[in-house]
Novice: 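Below are the structure tokens for one structure; questions will follow.
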Amino acid sequence: MTPRERVLATVNHKAPDRIVTELGSTNCTSIARKTYDKVKKLLGVQADDRLMMEDFQISLVDEPVLEFLETDTRGVPAHPCFPKQVINKREFVDHFGIHFKMPDNELYYDMVYHPLQDMTELAEIKEYEWPDPVVPAAVEGCRERAKKLKEENRYAIVGDIVDSGIFEPAHYIRGFQNFLTDLIADEDIIHYLMEHMLQFQCARQEQYLNEVGEYLDIIFVGDDLAAARSPLMSPAVYREMIKPYQKRYFEFIKSRTKAKLMYHSCGSVVPLIPDLIEIGVDILNPIQVNAADMDPRQLKKEFGDQLCFCGAIDTSQVMPNGTIDDVRDEVARRIDELGPEGYILTAVHDIQADVPAQNVLAMYKAAKEKYL
């Protein structure tokens, strides 16, 4: 099989010739800048330092690295080019008015101010001036890259507008605690924010998918709904306050591309999986195996005929702290639990800054060697 044939078989629940592997096609399946620098040095790859996400310090992965690892996908991400105000080398304010600051450990930026955090009334929030979602430079060159990849017909093509959710960015501008409180205490604020964020992201998706939608095999949306022990809200609250907007969002995306929808939520998202399937999710990422109830075997048993799984290689303990043999054992275990059909192997979320470069190479080598 070609890599694209392998991916298409996998996402359609047919057995591939070997397990599909992914790196760098989305902002949640890539690699932290510090580790990526070590990977490039180890492989002797000379390439410019390019970021997919500045706030989380997530790198764009270069073609020589992907070829060495023999991954099966290629990404066509939108460019991170929204205007921002640079305060100093450790601080900036983004297009929403969110203030980011990097701590001394220099791993990633933290949000230290949210533009709607001090507002208590909906009338105040309605005075907030939303940024323009359409930035032509965000899609510059995307159509040409996607068309070229499609004509070559070797790799599965993955699309990502980056920062693509509607739940997360809504609480980014409101503040996490305020937003969760509003879910119970002020539903009008939630509906206002979710509706406006939906329209903002649909405008971005329309611009992007007008360029590349016809070429994509997978389209990615990231929007965390859960923490390590449970969803961030009850299923009842999710179904009333969040799900209707996600449903409309996914319907909008799928009306503009035939690509499979990959949805990212960290944490213990199990109680919401039936809802996600119902509203159009085809591939679930990242399968945070150390979160409550995220047992891969049980997930495969309950949802394997409806969902493809992407991720599952532990980034909390095995990848940063394990030996190469530990990594190989982890890869073999997850393939046995989630494969062969319906499983795309990659790390739980992005490969983090504390992971040794040797373990990154070991993960992909082990996946290649464990043929069906």
Novice: Report the residues that fulfil side chain to side chain donor-acceptor pair (under 3.5 Å) with Ser255, sequence neighbours left out, ordered by chain and then residue number.
Specialist: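 Side chain to side chain donor-acceptor pair (under 3.5 Å) list for Ser255, sorted by chain: empty.
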
Novice: Is the shortest side-chain N to carboxylate O distance from Asp94 to Lys84 below 4.0 Å?
Specialist: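 Salt bridge absent between Asp94 and Lys84.
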
Novice: Does any pair with a residue in residues 53-83 pass ring-ring contact (aromatic ring centres under 6.0 Å, His included), and if so which ones, sequence neighbours excluded?
Specialist: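 Counting only pairs at least two positions apart or across chains, the ring-ring contact (aromatic ring centres under 6.0 Å, His included) contacts touching residues 53-83 are Phe82-His95.
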
Novice: Can you confirm whether the side chains of Gln117 and Tyr113 place a donor and an acceptor under 3.5 Å from each other?
Specialist: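 Not at all, the side chains of Gln117 and Tyr113 share no donor-acceptor pair under 3.5 Å.
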
Novice: Using the side-chain contact (heavy atoms from CB on, under 4.5 Å) rule, take Asp217 and Val7 through it: C-alpha gap first, then chi angles, then the decisive distance, then the call.
Specialist: CA-CA 9 Å; Asp217 297 302; Val7 173; 5.7 Å; no

Novice: Give a yes or no answer on whether the side chain of Asp160 reaches the backbone of Asn27 with a donor-acceptor pair at less than 3.5 Å.
Specialist: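 Between the backbone of Asn27 and the side chain of Asp160 there is a qualifying donor-acceptor contact (under 3.5 Å).
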
Novice: Would you confirm whether Asp350, through its side chain, and Ser30, through its main-chain N or O, come within 3.5 Å as a donor-acceptor pair?
Specialist: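 Indeed, once roles are kept as given, a pair shorter than 3.5 Å links the two residues.
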
Novice: Any chance the side chains of Arg204 and Gln207 put a donor and an acceptor closer than 3.5 Å?
Specialist: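 No, no side-chain donor-acceptor contact under 3.5 Å.
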
Novice: Taking the side chain as every heavy atom from C-beta outward, state whether Gln57 and Met102 have any atom pair closer than 4.5 Å.
Specialist: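 Yes - at least one pair of side-chain heavy atoms lies under 4.5 Å apart.
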
Novice: Establish, from distance only, whether the side-chain atoms of Glu54 and Tyr108 form a donor-acceptor pair under 3.5 Å.
Specialist: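 Per modelled atom types, Glu54 and Tyr108 side chains form no pair under 3.5 Å.
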
Novice: Hey, does the side chain of Arg18 reach the backbone of Met1 with a donor-acceptor pair shorter than 3.5 angstrom?
Specialist: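 Here the side-chain-to-backbone pair does not exist.
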
Novice: Between Ser25 and Thr73, which heavy-atom pair has the shortest distance, and what is it?
Specialist: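 Looking at all heavy atoms of both residues, the shortest contact is OG-OG1, 3.1 Å.
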
Novice: For Leu69 and Lys368, work out which heavy atoms get closest and say how close.
Specialist: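 Smallest heavy-atom distance, with atoms named: O-CD, 3.9 Å.
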
Novice: Under the side-chain contact (heavy atoms from CB on, under 4.5 Å) rule, collect the residues that match up with Asn321, sequence neighbours excluded.
Specialist: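 Here the qualifying residues are Gln317.
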
Novice: Taking NZ, NE, NH1 and NH2 as the nitrogens, is one of them in Glu151 or Lys148 under 4.0 Å from a carboxylate oxygen of the other?
Specialist: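 Salt bridge absent between Glu151 and Lys148.
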
Novice: Between Glu70 (side chain only) and Thr21 (backbone N and O only), is there a donor and an acceptor less than 3.5 Å apart?
Specialist: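 No; judged by distance alone, with no hydrogens or angles, the pair does not exist.
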
Novice: For Tyr215 and Leu149, what are the C-alpha separation, side-chain angles and deciding distance, and is it a side-chain contact (heavy atoms from CB on, under 4.5 Å)?
Specialist: CA-CA 8 Å; Tyr215 304 117; Leu149 286 167; over 6 Å; no

Novice: Can you pull out every ring-ring contact (aromatic ring centres under 6.0 Å, His included) where at least one residue sits in residues 286-345? Sequence neighbours excluded, please.
Specialist: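 Pairs touching residues 286-345 that pass the test: none.
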
Novice: Quick test of your reading of the model: are Glu369 and Arg328 salt-bridged, counting only N-O distances below 4.0 Å?
Specialist: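 Arg328 and Glu369: salt-bridged.
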
Novice: Does anything in residues 146-170 form a ring-ring contact (aromatic ring centres under 6.0 Å, His included)? List the pairs, not counting sequence neighbours.
Specialist: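 For residues 146-170: Phe167-His171, Phe167-Phe179.
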
Novice: For His13, enumerate each residue passing the side-chain contact (heavy atoms from CB on, under 4.5 Å) test, keeping only those at least two apart in sequence or located in another chain.
Specialist: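 Applying side-chain contact (heavy atoms from CB on, under 4.5 Å) to His13 gives none.
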
Novice: Could you state whether Phe220 and Val20 fall into the same hydrophobic cluster, counting links through intermediate Ile, Leu, Val, Met, Phe, Trp or Tyr residues with side-chain heavy atoms under 4.5 angstrom apart?
Specialist: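 Yes: a chain of side-chain contacts under 4.5 Å links Phe220 to Val20.
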
Novice: Taking the basic N atoms (NZ, or NE/NH1/NH2) and the acidic carboxylate oxygens, is any pair closer than 4.0 Å for Asp62 and Arg50?
Specialist: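 So Asp62 pairs with Arg50 through a salt bridge.
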
Novice: Could you check whether atom CD of Glu121 has more than 12 heavy atoms from other residues, nucleotides or ligands sitting under 6.0 Å from it?
Specialist: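 Result for CD/Glu121: open.
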
Novice: Side chain to side chain donor-acceptor pair (under 3.5 Å) with Glu341: which residues, sequence neighbours excluded?
Specialist: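 Applying side chain to side chain donor-acceptor pair (under 3.5 Å) to Glu341 gives none.
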
Novice: Which atoms form the tightest heavy-atom contact between Pro320 and Thr315, and what is the distance?
Specialist: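 What the structure gives for the nearest pair is CD-O, 3.4 Å.
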
Novice: Only counting residues at least two apart or in another chain, list the ones meeting side-chain contact (heavy atoms from CB on, under 4.5 Å) with Thr323.
Specialist: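 By the side-chain contact (heavy atoms from CB on, under 4.5 Å) rule, Thr323 matches Asp325, Asp326.
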
Novice: Under 3.5 Å, which donor-acceptor pairs do the side chains of residues 259-275 form with other protein atoms, sequence neighbours left out?
Specialist:
| residue | atom | partner | partner atom | Å |
| --- | --- | --- | --- | --- |
| Lys260 | NZ | Asn12 | OD1 | 3.4 |
| Tyr263 | OH | Asp223 | O | 2.6 |
| Tyr263 | OH | Gln246 | NE2 | 3.0 |
| His264 | ND1 | Asn285 | OD1 | 2.6 |
| His264 | NE2 | Asp224 | OD1 | 3.2 |
| Ser265 | OG | Leu225 | N | 2.8 |
| Ser268 | OG | Ala292 | O | 2.6 |
| Asp275 | OD1 | Arg239 | NE | 2.9 |
| Asp275 | OD1 | Lys243 | NZ | 2.8 |
| Asp275 | OD2 | Arg239 | NE | 3.1 |
| Asp275 | OD2 | Arg239 | NH2 | 3.1 |

Novice: Is there side-chain contact between Ile277 and Gln306, with heavy atoms separated by less than 4.5 Å?
Specialist: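 Answer yes - side chains close enough.
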
Novice: In a table with atom names and distances, give each donor-acceptor pair under 3.5 Å that connects a side chain of residues 356-367 to protein atoms at least two apart or in another chain.
Specialist:
| residue | atom | partner | partner atom | Å |
| --- | --- | --- | --- | --- |
| Asn359 | ND2 | Met319 | O | 2.9 |
| Asn359 | ND2 | Gly322 | O | 3.0 |
| Tyr364 | OH | Glu22 | O | 2.8 |

Novice: Does the Glu330 side chain pair with the main chain of Asp314, one donor and one acceptor, at a distance under 3.5 Å?
Specialist: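 Flag set: sc Glu330 to bb Asp314 pair under 3.5 Å.
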
Novice: Between the side chains of His196 and Tyr128, does any donor sit under 3.5 Å from an acceptor?
Specialist: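 Result is no, nothing qualifies.
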
Novice: So, applying salt bridge (Lys or Arg N to Asp or Glu O under 4.0 Å) with Glu214, which one of Arg143, Lys147, Arg256 is it?
Specialist: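 The residue from Arg143, Lys147, Arg256 that satisfies salt bridge (Lys or Arg N to Asp or Glu O under 4.0 Å) with Glu214 turns out to be Arg143.
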
Novice: Below 4.0 angstrom, N of the basic side chain to O of the carboxylate: do Glu211 and Arg145 qualify?
Specialist: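 Judged by the 4.0 Å cut-off on N to carboxylate O distance, Glu211 and Arg145 do not form a salt bridge.
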
Novice: Testing the basics here: between Val158 and Thr26, what is the closest heavy-atom pair and its distance to 0.1 Å?
Specialist: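 So the minimum-distance heavy-atom pair works out to CG1-CG2, 3.8 Å.
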
Novice: Under a 3.5 Å distance rule, please check whether Asp110 uses its side chain to pair with a backbone N or O of Val112 as donor and acceptor.
Specialist: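 No.
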
Novice: In plain terms, say whether Glu337 and Lys300 are close enough for a salt bridge, that is, a side-chain N and a carboxylate O under 4.0 Å apart.
Specialist: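 Salt bridge: no.
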
Novice: Side-chain contact, heavy-atom cut-off 4.5 Å: Asp186 with Ile190?
Specialist: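 Contact flag for Asp186/Ile190 side chains = no.
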
Novice: Less than 3.5 Å apart, any donor N or O on the side chain of Gln288 or Asn290 sitting next to an acceptor on the other?
Specialist: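 Distance-only check passes for Gln288 and Asn290.
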
Novice: Apply side-chain contact (heavy atoms from CB on, under 4.5 Å) to Lys301 and list each qualifying residue two or more places apart in sequence or on a separate chain.
Specialist: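 Counting only residues at least two positions away or on another chain, Lys301 forms a side-chain contact (heavy atoms from CB on, under 4.5 Å) with Gln298.
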
Novice: How far apart are the closest heavy atoms of Val281 and Leu307, and which atoms are they?
Specialist: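 Taking Val281 first and Leu307 second, the nearest heavy atoms are O-CD2, 3.6 Å.
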
Novice: Counting N and O atoms only, with roles assigned by atom type, does the side chain of Tyr249 sit under 3.5 Å from a partner on the main chain of Ile166, one being a donor and the other an acceptor?
Specialist: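 Side chain of Tyr249 to backbone of Ile166, a donor-acceptor pair under 3.5 Å: no, none is there.
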
Novice: Indicate the atoms forming the closest heavy-atom contact of Arg297 with Asp336, along with that distance.
Specialist: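 Between these two residues, the closest heavy atoms are NH1-O, 4.0 Å.
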
Novice: Which residue pairs satisfy the side chain to side chain donor-acceptor pair (under 3.5 Å) criterion with at least one member in residues 38-47, sequence neighbours excluded?
Specialist: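 Every candidate side chain to side chain donor-acceptor pair (under 3.5 Å) pair involving residues 38-47 fails, so no pair, neighbours aside, qualifies.
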
Novice: Under a 4.0 Å threshold between the charged nitrogen and the carboxylate oxygen, would Glu251 count as salt-bridged to Lys247?
Specialist: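 The answer is yes: the pair qualifies as a salt bridge.
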
Novice: Taking atom types as modelled, is there a side-chain donor on Thr346 or Thr29 under 3.5 Å from an acceptor on the other?
Specialist: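 The answer is no; no qualifying pair exists.
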
Novice: Compute the centroid of each ring, for Phe200 and then for Phe96, and state whether the two points are separated by less than 6.0 Å.
Specialist: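 Ring centres of Phe96 and Phe200 closer than 6.0 Å.
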
Novice: Kindly determine whether Glu240 and Glu187 satisfy side-chain contact (heavy atoms from CB on, under 4.5 Å), including the steps that lead there.
Specialist: CA-CA 10 Å; Glu240 179 184 358; Glu187 295 181 359; 3.7 Å; yes

Novice: Any donor and acceptor pair, going by atom type alone, linking the side chain of Arg6 with main-chain N or O of Pro16 inside 3.5 Å?
Specialist: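 It does not hold such a pair.
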
Novice: Hey, which of Arg4, Lys150, Glu152 is the one that makes side-chain contact (heavy atoms from CB on, under 4.5 Å) with Ile157?
Specialist: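 Answer to the side-chain contact (heavy atoms from CB on, under 4.5 Å) test with Ile157 among Arg4, Lys150, Glu152: Lys150.
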
